[in-house]
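Everything quoted here is computed from the prediction, not taken from an experiment.
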Amino acid sequence: MNAKEAVRLFSSQRAIGKTGKYLTLVAFISACGAGVIYREWLKLQKAVHFKTDSVPDKHAKSYIYITSESTDDLVTQVKKNVHWNLAVLEHFLEDRGIGWLPFERRIDDPWRLLRRAQSKNRCDRLAAVSALASKHHWNDSEYRAVAQACDQRTLIGLARSHDVDFRFFLPPPPPPVQASEETLQDALCDLVGSLPRSNIDKCTEFFTTKAMREGHHAVAADHQSGALVFGGTPFSFVTGLSRQPQETQEMNYLLALLSHSEVLSHCVSIVENGGLPVLMRCYLERGSSKKMQCHIAHIIANLSVHEKLHNCIVQAGWVTVLAKWMKSNVTPLASHAARALANLDRDSCKEKYDDGVYVLHPQTRKRAAYEADVVFVHGLMGGAFHTWRQQDQNSKREKAPSKNGVTSNGKSSKTASMITKNVSKEKSTNDRLQEGTKTATVTTDQRNGTDSRSRDVQRQSENKVQLNNVSPEGLQQGYTDCWPKSWLSEDIPHMRILTVSYESHITEWAAKCPYGSEKRSLGSRSAELLRKLHKAGVGERPIIWVTHSMGGLLVKQMLVDACDKPDFDQLIENSHGIVFFSTPHHGASLAAMSQQAQFLLYPTVEVKDLTQGSQFLKNLHGRFRAFVQTYQIPVLSFGEKEPTNIGLSIKTFIVPKMSSHPGFGEYHTLDVNHLDICKPADRNSLLYVILVRFIMQNVTKALHKSLAEILTRDLFVDEAEELFYPLGFGFGE
């Protein structure tokens, strides 16, 4: 071996030695890394666990899973292992922002959908929540796992989804141990007593003082009842005579809390003083009382207006309760819950619904944008839901056109037979409208031309829209307590339907609060309602106003006041139709009767505004007529032809024809009284068919006008002409 070969051999042996050292070092580092990863995995196994206390005892067996020996063959086991490893790899890559994968994904993977629902992209979040809500075939363990890992935004989105599986929601947490030692009445009393008592309005002070006073009287009665005891046994009837029912006392406390919840600073105080757990306890212990549940839902909805309280509301478990309430058949309860969830859902709902503004449709998330708003405003002594119920079965039904055009008295049997004929003949909407027009008295003011827009719509709109017919069985079994929510939402599903609520009475004796009468005038109510509707997004799209009785005067006052406020220019421009159900444009006879007996009846401010011949009503109607003529707004009015029984067998016309006819627009008189003028007997009812036709015609006109404005703004004249002329009409039509 020469010197060169010796050097070459030595160099090769040295290189092999270095390679061996490198391999040893890599193996050592790999072993250490594997050990660290295994140790971290053990820590993670100990740290991550399910909330076993959130599972009710009676359902505990549903969430215990025992792994049995696999009976699959070798190929099936290998496929399962491969799918499991691919799922792990997929989640690993998604965590690092790698979206493309060379294999097929599992579309309904709970963890994938949950991760997408927590994405930074809003569109991805909304789509993932919608996909989660559509799953109804998973195992209980998958629903429970998603519920435990769900963030606040996703949980609220699921609660507002249509037909969501309730296994996504954990049960509300139990009340604190120390709270269970005191009675519910004491807990409510302590909560009301801890709220601020200074710088509050008179009505809030009145409800608070009343609740605390009657609560103390009840406690004193409990102590005094022990005085009448013979042989150690008290007389139970003596105790019962000296105290109010427990539910009545608790209701007084809830009314006080409801009044406090209308003040922002007091909402924070309610939450800070433990109001949410107390209300949850009231819900759990008084679940059979729908009235108390409505008050609780109303309070939670008022609290939900303030975004800084959202986290507290969710952590207290109220999303689960609200999701359950929203599916309730009790319309007020479902509407309060829907308002609360809409206020909590800041991801898909930019509007805020203050107290007194409720969404009847849609109450769940919708992908498509609303094409218009239909706003219902009730009248004197009415309600946001009760006014718009179906005509009572035992009352006299509206006269409906028969086959030969002769009207018949609307008893249930004759109405059912009439509907059967309509169903068998499959009449279209236009056929029913042509028949109904012959039986109604229609008068139009031809001089001022204010209804020219309506006539143009009737000439241009030849849509043959089919309305859903109902069978006689459905008429008698499917009674609805709110036809805008049940019927109108199906006939015009692309529109948002709102209803407003405000307190009104004929006499001050019936008022819940004897103070604050100045807030009940038309001017004060108009300013308050304009502010609330503006926050709810009313004015951003075409509006159809539907009013009954004094509600029509309130809308007239709102529109006239909005003309003087630049912030509401959009609301004025987007008002495309107004419907008046027996509105006293020139006063009401009932107001005159109450004025004659004012020392006995003590009429309210709103009744004084309805006095016949009132200068206030004359000025309002004059300004409103000018408003309608300026903006060419279609008007549809209905008048009553039957007197109303006001008690003691006294019947009178609440709003006679001369007062219900505004003097312009389309006018119909119907064979119903003042109370039933806004309550259709069924979906084939004349007033309902005319109302739906009016809404669809004017909203269609508004959409075409909006499209023309957008194209005019975004296109040059030559480009617009190239687009419009092939369609058969000129630019600007």
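A donor-acceptor pair under 3.5 Å is formed between the side chain of T547 and the backbone N or O of V579. N343 contributes a side-chain N or O that, together with a main-chain N or O of R339, makes up a donor-acceptor pair within less than 3.5 Å. In this structure, N698 contributes its side chain and F694 its backbone to a donor-acceptor pair below 3.5 Å. Within the 3.5 Å criterion, the main-chain N or O of L255 finds no donor-acceptor partner in the side chain of H295.
Note: F385 and W483 fail the aromatic proximity criterion, with ring centroids not under 6.0 Å apart. The aromatic ring centroids of H621 and F664 lie less than 6.0 Å from each other. Aromatic pair H674/H548: centroids less than 6.0 angstrom apart.
Salt-bridge formation is not detected for the pair R525/E503: no Lys NZ or Arg NE/NH1/NH2 atom is positioned less than 4.0 Å from an Asp or Glu carboxylate oxygen. Using a 4.0 Å cut-off between charged side-chain N and carboxylate O, E540 and K350 make a salt bridge. A salt bridge links K641 with D671: at least one charged nitrogen is closer than 4.0 Å to a carboxylate oxygen. For the pair R531 and D567, the salt-bridge criterion is not met [side-chain N within less than 4.0 Å of a carboxylate O]. Electrostatic pairing of R683 and D491 counts as a salt bridge here, judged by a charged N lying under 4.0 Å from a carboxylate O.
Atom NE2 of H266 sits in a crowded spot, with more than 12 heavy atoms from other residues, nucleotides or ligands closer than 6.0 Å. Within 6.0 Å of NZ in K565 there are more than 12 heavy atoms belonging to other residues, nucleotides or ligands.
Annotation for A334 and M326: closest pair CB-O, 3.7 Å, computed over non-hydrogen atoms. Across every non-hydrogen atom of W388 and P484, the tightest pair is O-CD, 3.4 Å. Minimum interatomic distance between H336 and Y358 (heavy atoms only, all atoms of both residues): CE1-OH, 3.1 Å. When all heavy atoms of L530 and F568 are compared, the closest pair comes out as O-CE2, 3.5 Å. Between N673 and P643, the shortest heavy-atom distance links the atoms CB-O, 3.5 Å. Across all non-hydrogen atoms, the minimal contact from L309 to L303 is CD1-O, 3.9 Å.
The structure places CG of L360 at 9.0 Å from OG of S486, a figure rounded to the nearest 0.5 Å. Here the straight-line distance linking atom CD1 of I544 with atom OG of S575 works out to 8.5 Å at 0.5 Å rounding. In this structure, the separation between CZ on R541 and NE2 on H576 is 12.0 Å, given to the nearest 0.5 Å.
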Evaluate salt bridge (Lys or Arg N to Asp or Glu O under 4.0 Å) for K657 paired with E640, printing each intermediate quantity in order.
-> CA-CA 7 Å; K657 179 181 178 180; E640 61 201 64; over 6 Å; no
Would E351 and R346 count as a salt bridge (Lys or Arg N to Asp or Glu O under 4.0 Å) if you check the C-alpha gap in whole Å, the side-chain angles of each, and the deciding distance to 0.1 Å?
-> CA-CA 9 Å; E351 300 88 1; R346 295 296 88 197; over 6 Å; no
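Counted by atom type alone, T480 and W487 present zero donor-acceptor pairs between their side chains at under 3.5 Å.
Side-chain contact between F207 and L258: absent, with no pair of heavy atoms (C-beta onward) separated by less than 4.5 Å.
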